[in-house]
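The structure appears below as structure tokens.
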Amino acid sequence: MPTALVTGGAGYIGSHTCVVLLEAGWDVVVVDNLSNSSEIALARVRELAPSGSLSFHRVDLLDEPGLEAAFAEGPVDAVVHFAGLKAVGESVEQPLRYYENNVAGTVQLLKAMQRHGVRDLVFSSSCTVYGDPEEIPVTESAPLGAANPYGRTKLYIEEMLRDVAASEPGWRMTLLRYFNPVGAHPSGRIGEDPTGIPNNLMPYVMQVAVGRRDHVTIHGGDYPTPDGTGVRDYIHVVDLAAGHLAALQALDHIDGAVPVNLGTGNGYSVLDVVRAASAAVGREIRYEIGPRRPGDVAAVWADPRSARELLGWTASRSLDDMVADHWRWQASNPDGFGSATLAG
Ligand code: NAD
Ligand code: UDP
């Protein structure tokens, strides 16, 4: 069995990817400091993929001996690197924390990979590296330029990976630029569990649906889009997880550090999402149109052709699947993992 070391494997996208990897016959070694996640997610990953082998190291990427212990469990064939802080507003207030955690954490990870002769990496980048793109759909060759410290950590890590790949032969890296991940595993057992007031649209909509919040504030109704609200490329997290398996399987054909968009190629507006969620939930989700959110772009969606050509992967789940699965998770876990125990 090949072994993948998965950093951030207890998090939202990481936990879904662990299920897909285990189901595909990979052994999984998770490294996560649980700074934004719960060990309960991993217990549920084991429950969803019971025949797979998953071990867990509660370790920070900056903890060199801890990381060594995780690699020593190998031999590790490939690393899937999700671990990072991701809140844009927080990154503006605490930039050094973001650079240390995300950029320095990745430096430590790459050094550990070098020590252990591991040259295969799948990295979580983001469409935020495109900033406000001049052309949509966005291709991987579009100019790069992030608008906030979080986005710049992704940009700098991408540059660093290109430098490392160029410095010695043998590195095979895919830099997966995710668009807007939403949804949850169809079992309703794992899903996104944001702390505090959600920043992102889908968890906010679902917390309104479950009665934790009164209404959704739509950030701007006067964009140059068909209905005036912002347009994004929402992608089901299980499709995204499958994209990581496809990326691992395609590394044989990769040379150096190659960016790949993971999106559906479809743009949906905020109102489209609110309406689809209302239909899935079976009642109106209240909303009000407020001012634009600083830093937001009007519309962005992916050109997903590279993923099809290089990875043999396309997204297959619809917006209705995304809201239905996200709702199942939210309705059966109204407090996220908060009130669950490791026993069940
Ligand atoms: P998440 O917060 O749910 O998962 C990240 C995980 O990394 C958490 O479990 C956290 O505890 C862990 N972690 C953070 N810093 C760590 C460190 N120093 N050492 C060990 N573990 C650490 O986030 P997610 O939504 O699953 O995102 C995963 C990755 O994808 C992140 O790198 C994120 O920037 C990127 N990404 C996310 C989105 C999105 O909208 N969710 C979009 C584009 C890119
Ligand atoms: N949005 C909104 N209300 C919210 C959160 C988000 O109207 O409470 C809008 C936001 O302006 C953008 C879209 O929903 O047009 C997606 O925002 P999100 O924060 O989920 O992702 P982003 O694309 O900003 O990374």
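These figures come from a predicted structure and were not determined experimentally. Both ligands and their constituent atoms are indexed starting at 1 by order of listing.
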[atom]: which of [options] has the nearest heavy atom?
atom: atom 38 (C) of ligand 1; options: S37, P203, P181; answer: P181
atom: atom 6 (C) of ligand 2; options: V300, I197, L201; answer: L201
atom: atom 30 (O) of ligand 1; options: Y178, F179, F123, F82; answer: Y178

Protein heavy atom at shortest distance from [atom]:
atom: atom 3 (N) of ligand 2; value: T217 O, 2.8 Å
atom: atom 25 (O) of ligand 1; value: K86 NZ, 2.7 Å
atom: atom 13 (N) of ligand 1; value: N33 OD1, 3.5 Å
atom: atom 21 (O) of ligand 2; value: N180 ND2, 3.1 Å
atom: atom 19 (O) of ligand 2; value: R293 NH2, 2.8 Å
atom: atom 12 (C) of ligand 1; value: D32 OD1, 3.4 Å
atom: atom 5 (C) of ligand 1; value: G84 O, 3.9 Å
atom: atom 37 (C) of ligand 1; value: I13 CD1, 3.8 Å
atom: atom 18 (P) of ligand 2; value: N200 ND2, 3.5 Å
atom: atom 12 (C) of ligand 2; value: R232 NH2, 3.6 Å
atom: atom 11 (O) of ligand 2; value: D296 OD2, 2.6 Å
atom: atom 3 (O) of ligand 1; value: Y12 N, 2.8 Å
atom: atom 2 (C) of ligand 2; value: H219 CD2, 3.4 Å
atom: atom 19 (N) of ligand 1; value: L61 N, 3.0 Å
atom: atom 4 (O) of ligand 1; value: G11 CA, 3.5 Å

Please check: side-chain N/O of [X] versus main-chain N/O of [Y], any donor-acceptor pairing under 3.5 Å?
X: T217; Y: E288; answer: no
X: N102; Y: Y150; answer: no
X: T7; Y: A83; answer: yes
X: R177; Y: E140; answer: yes
X: N333; Y: G188; answer: yes
X: R317; Y: M322; answer: no

Criterion side chain to side chain donor-acceptor pair (under 3.5 Å) on N261 and Y130, from CA distance to verdict: CA-CA 11 Å; N261 288 340; Y130 296 120; 2.7 Å; yes

Single-linkage hydrophobic cluster I190~V30, side-chain heavy atoms < 4.5 angstrom: yes

Residue D296 excluded, over 12 heavy atoms near CG under 6.0 Å: yes

CD (E284) with more than 12 external heavy atoms under 6.0 Å: no

Atoms of ligand 2 close to G230 [distance to a heavy atom under 4.0 angstrom, numbered from 1]: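 With G230 as reference, the close atoms of ligand 2 come out as 15 (O).
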
Proximal atoms of ligand 2 relative to N199 (non-hydrogen, under 4.0 Å): 5 (C), 19 (O)

Aromatic plane relationship, H116 with F71 - under 30° parallel, 30 to 60° tilted, over 60° perpendicular: parallel

Any side-chain donor near an acceptor of the partner, S124 and Y178, under 3.5 Å: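 Present: a donor and an acceptor within the cut-off.
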
N or O contact, Y204 vs ligand 2, cut-off under 3.5 Å: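 N/O-N/O distance under 3.5 Å: no.
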
V270, any N or O under 3.5 Å of ligand 2 N or O: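 For ligand 2, there is no N or O atom that lies under 3.5 Å from one belonging to V270.
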
Sub-4.0 Å heavy-atom contact, Y234 with ligand 2: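 Yes.
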
Side chain, backbone, both or neither: the part of C127 lying under 4.0 Å from ligand 1 by heavy atom: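 Looking at C127 and ligand 1, no heavy atom falls under 4.0 Å.
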
Distance in Å, D77 CG paired with L248 CG, rounded so as to fall on 0.5 Å steps: 9.5 Å

